[in-house]
Amino acid sequence: MTYHAKSDFMRVMMERGFLADCTDYQALDAALVKGIVPTYIGYDATAKSLHVGHLLNIMMLRWLQKTGHKPITLMGGGTTKVGDPSFRADERPLLSPTQINENIAGMQQVFAKYLAYGDGPTDAIMLNNAEWLDGLNYLDFLRDIGRHFSINRMLSFESVKSRLDREQSLSFLEFNYMILQAYDFLELNRRYGCLLQMGGSDQWGNIINGIDLTRRVIDAQIFGLTSPLLTTSDGKKMGKSQGGAMWLNADMLSPYEFWQFWRNSTDADVGRFLKLYTELPVAECDRLGALAGSEINSAKVILANEVTTLCHGADAAAAAEATARDVFERGGTGDELPTFTVTPADLANGLSVSSLFVTSGLAKSGKDAKRLIVEGGARMNDTAVMEGQMVTAADLAQPIKLTAGRKRHALIVLG
């Protein structure tokens, strides 16, 4: 890309690798130089926490605010009732209003760590699209908004095409999602002067819909900017691990496990992740990412500390690093490891080590635990576990440390 950004925000997006595409680079850049640009990203309330897969776009909002603009976190209290079909093989499960509100409350805790909310010109605001979607009159909406949408064009979007090409059902309910998201952008522009929508590159079609609708209805110029859909260097979806999603709420994933996720990054990802997920200068990110051999491990610790500090605070990052050092370098158990409790009643009925691996989440099932043991990847207190091995009360006189592979650990205590 030969375009040279004039605004601080666009320069950061381009230098640090956040930018996949933009509807009009020069016009958006000029708007960012001219004044405060209110910008939104939408989040459907499908879980009680956001996860690492959301973190790239959260960092985009953080940089937006740091460079003098106004972030809008739009919670999909309305659209969650429909479900985004983009690149999915099936419909999302429909949630009740109570579940949606509980999820929004959990997600709000995450945003508060990264953005400053308030009433000032660049303070972030949190909105809920149920504010304008819940009260829509269906016939009026069809007449005033639906007439601006071409089914032919909507069918051409990659997110829809990929679903239809696989001959997978796309319900009318889901098809309406694109129209509702476009309407969100129109309403945000009308009500709050929002000029920019950001999202992952899978949202490009939805963003374009909103821009076109706003131009047709109120003849306003607004913009869209997308980030790349990240995978790790080994091809895995960003934010996923063997244990499931890497949640950003401490009550769903311990700060130690979060820290360890980043510490376990592959060598090839370190420089890129430092640019995207920390605020270290670009030159320092490049320097750390270029380290080789054992030196790259120190860069991974810096990555883990920086990302964990942003999400959970400096004390949690320091505690996680200390625990990791205790576990890996000195063979200790570590105070911050995920801890699970068994009772004397559990022991009375006979308790296998393989069942503890399942209980602790180190194995997905009994079959997975058995495979781990047979392959020699399961250890109890740093000693290989034997197939069929049982846990006794004597074993639990002290906490038991379980290890799966080389990097995943948990503590079992008697309660």
Side-chain angles (χ1 to χ4, degrees), residues 1-43 54-76 110-129 131-132 181-228 275-276 279 282:
M1 189 182 300
T2 56
Y3 180 72
H4 296 288
K6 297 179 176 64
S7 66
D8 290 341
F9 178 68
M10 285 291 276
R11 180 179 50 77
V12 168
M13 291 298 98
M14 296 168 81
E15 286 180 354
R16 301 188 80 95
F18 285 102
L19 189 57
D21 213 340
C22 180
T23 53
D24 188 333
Y25 293 98
Q26 292 183 331
L28 174 57
D29 200 26
L32 288 159
V33 170
K34 185 178 178 182
I36 295 169
V37 173
T39 300
Y40 97 95
I41 297 179
Y43 299 87
H54 295 108
L55 193 51
L56 183 140
N57 283 342
I58 295 173
M59 289 299 293
M60 290 169 73
L61 289 175
R62 183 175 170 88
W63 280 113
L64 182 94
Q65 188 169 50
K66 284 170 69 76
T67 53
H69 302 281
K70 188 177 188 69
I72 299 171
T73 47
L74 180 65
M75 311 311 293
V110 175
F111 288 118
K113 300 171 185 176
Y114 292 90
L115 302 172
Y117 286 84
D119 299 322
T122 63
D123 284 342
I125 55 174
M126 179 170 284
L127 304 173
N128 187 334
N129 63 13
E131 178 185 334
W132 50 84
Q181 184 171 327
Y183 186 67
D184 281 345
F185 205 172
L186 170 63
E187 283 298 312
L188 286 168
N189 181 260
R190 277 173 166 164
R191 295 168 183 237
Y192 300 95
C194 182
L195 295 178
L196 173 63
Q197 180 184 358
M198 301 192 296
S201 56
D202 60 336
Q203 294 297 316
W204 181 254
N206 290 334
I207 292 171
I208 294 296
N209 273 336
I211 292 171
D212 286 349
L213 178 65
T214 303
R215 177 179 54 80
R216 289 170 185 270
V217 175
I218 58 175
D219 195 26
Q221 183 184 25
I222 53 178
F223 305 96
L225 184 151
T226 59
S227 60
K275 288 179 190 175
L276 294 172
E279 294 173 338
V282 170

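Just so you know, these numbers use all the heavy atoms, side chains as well, and skip hydrogens, waters and symmetry mates.
- Within the 4.5 Å cutoff, the side chain of Leu19 has heavy atoms near those of the Tyr25 side chain.
- A 6.0 Å sphere centred on CD of Gln26 holds no more than 12 heavy atoms belonging to other residues, nucleotides or ligands.
- Partners of Val33 by side chain to side chain contact (heavy atoms under 4.5 Å, CB included), not counting sequence neighbours, listed by chain and number: Lys6, Ser7.
- Looking at heavy atoms from C-beta onward, Met60 lies in side-chain contact with Leu56 at the 4.5 angstrom threshold.
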Hey, can you pull the donor-acceptor pairs under 3.5 Å for the side chains in residues 209-219, sequence neighbours left out?
from	atom 1	to	atom 2	distance (Å)
Asp212	OD2	Arg153	NH1	3.0
Asp212	OD2	Arg153	NH2	3.2
Thr214	OG1	Gly210	O	2.8

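- Side-chain contact between Leu225 and Thr39: absent, with no pair of heavy atoms (C-beta onward) separated by less than 4.5 Å.
- Put simply, the side chain of Gln203 never gets that close to the backbone of Met198: no donor and acceptor are under 3.5 Å apart.
- To the nearest 0.5 Å, the span separating OG1 on Thr226 from CG on Asn206 amounts to 12.0 Å.
- Not counting sequence neighbours, Tyr43 has no partner by the side chain to side chain donor-acceptor pair (under 3.5 Å) test.
- Here CE of Met13 is found 11.5 Å from SG of Cys22. Values are rounded to the nearest 0.5 Å.
- Across Arg11 and Ala5, no two heavy atoms sit closer than the pair N-CB, 3.5 Å.
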Name every donor-acceptor pair, under 3.5 Å, that has one atom in a side chain of residues 67-74 and the other anywhere in the protein, sequence neighbours excluded.
from	atom 1	to	atom 2	distance (Å)
Thr67	OG1	Trp63	O	2.8
Thr67	OG1	Leu64	O	3.0
His69	ND1	Val37	N	2.9
Lys70	NZ	Gly120	O	3.1
Lys70	NZ	Asp123	O	2.7
Thr73	OG1	Tyr117	OH	2.9
Thr73	OG1	Ile125	O	3.4

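- Remark: Ala27 engages Asp24, Gln221, Phe223 in a side chain to side chain contact (heavy atoms under 4.5 Å, CB included) (not counting sequence neighbours).
- Rounding to the nearest 0.5 Å gives a distance of 14.0 Å between CZ of Phe185 and CG of Asn129.
- Tested against Leu195 for a side chain to side chain contact (heavy atoms under 4.5 Å, CB included), the candidates Ile36, Leu32, Asn189, Leu28 yield a single pass: Asn189.
- From Ile58, atom CD1 reaches atom CG of Leu115 across 8.0 Å, with rounding to the nearest 0.5 Å.
- Of the possible polar contacts, one joining the Arg16 side chain to the Lys275 backbone as a donor-acceptor pair under 3.5 Å is found.
- In this structure Ser227 satisfies the side chain to side chain donor-acceptor pair (under 3.5 Å) test together with Asn57, sequence neighbours excluded.
- A pairwise comparison of heavy atoms in Gly17 and Pro228 identifies O-CG, 3.8 Å as the closest pair.
- In this structure, the side chains of Tyr114 and Leu55 come closer than 4.5 Å at one or more pairs of heavy atoms.
- Every salt bridge (charged side-chain N to carboxylate O under 4.0 Å, His left out) that Glu279 has, sequence neighbours left out, goes to Arg62, Lys66.
- Under the salt bridge (charged side-chain N to carboxylate O under 4.0 Å, His left out) criterion, Asp21 pairs with no residue at all, not counting sequence neighbours.
- Partners of Phe9 under the ring-ring contact (aromatic ring centres under 6.0 Å, His included) rule, at least two apart in sequence or in another chain, do not exist in this structure.
- The closest side-chain heavy-atom distance from Phe111 to Met75 is below 4.5 Å.
- Among residues two or more places apart in sequence or in another chain, the salt bridge (charged side-chain N to carboxylate O under 4.0 Å, His left out) test is passed with Arg191 by Glu131, Glu187.
- With a 4.5 Å cut-off on side-chain heavy atoms, Pro38 and Tyr192 do not count as touching.
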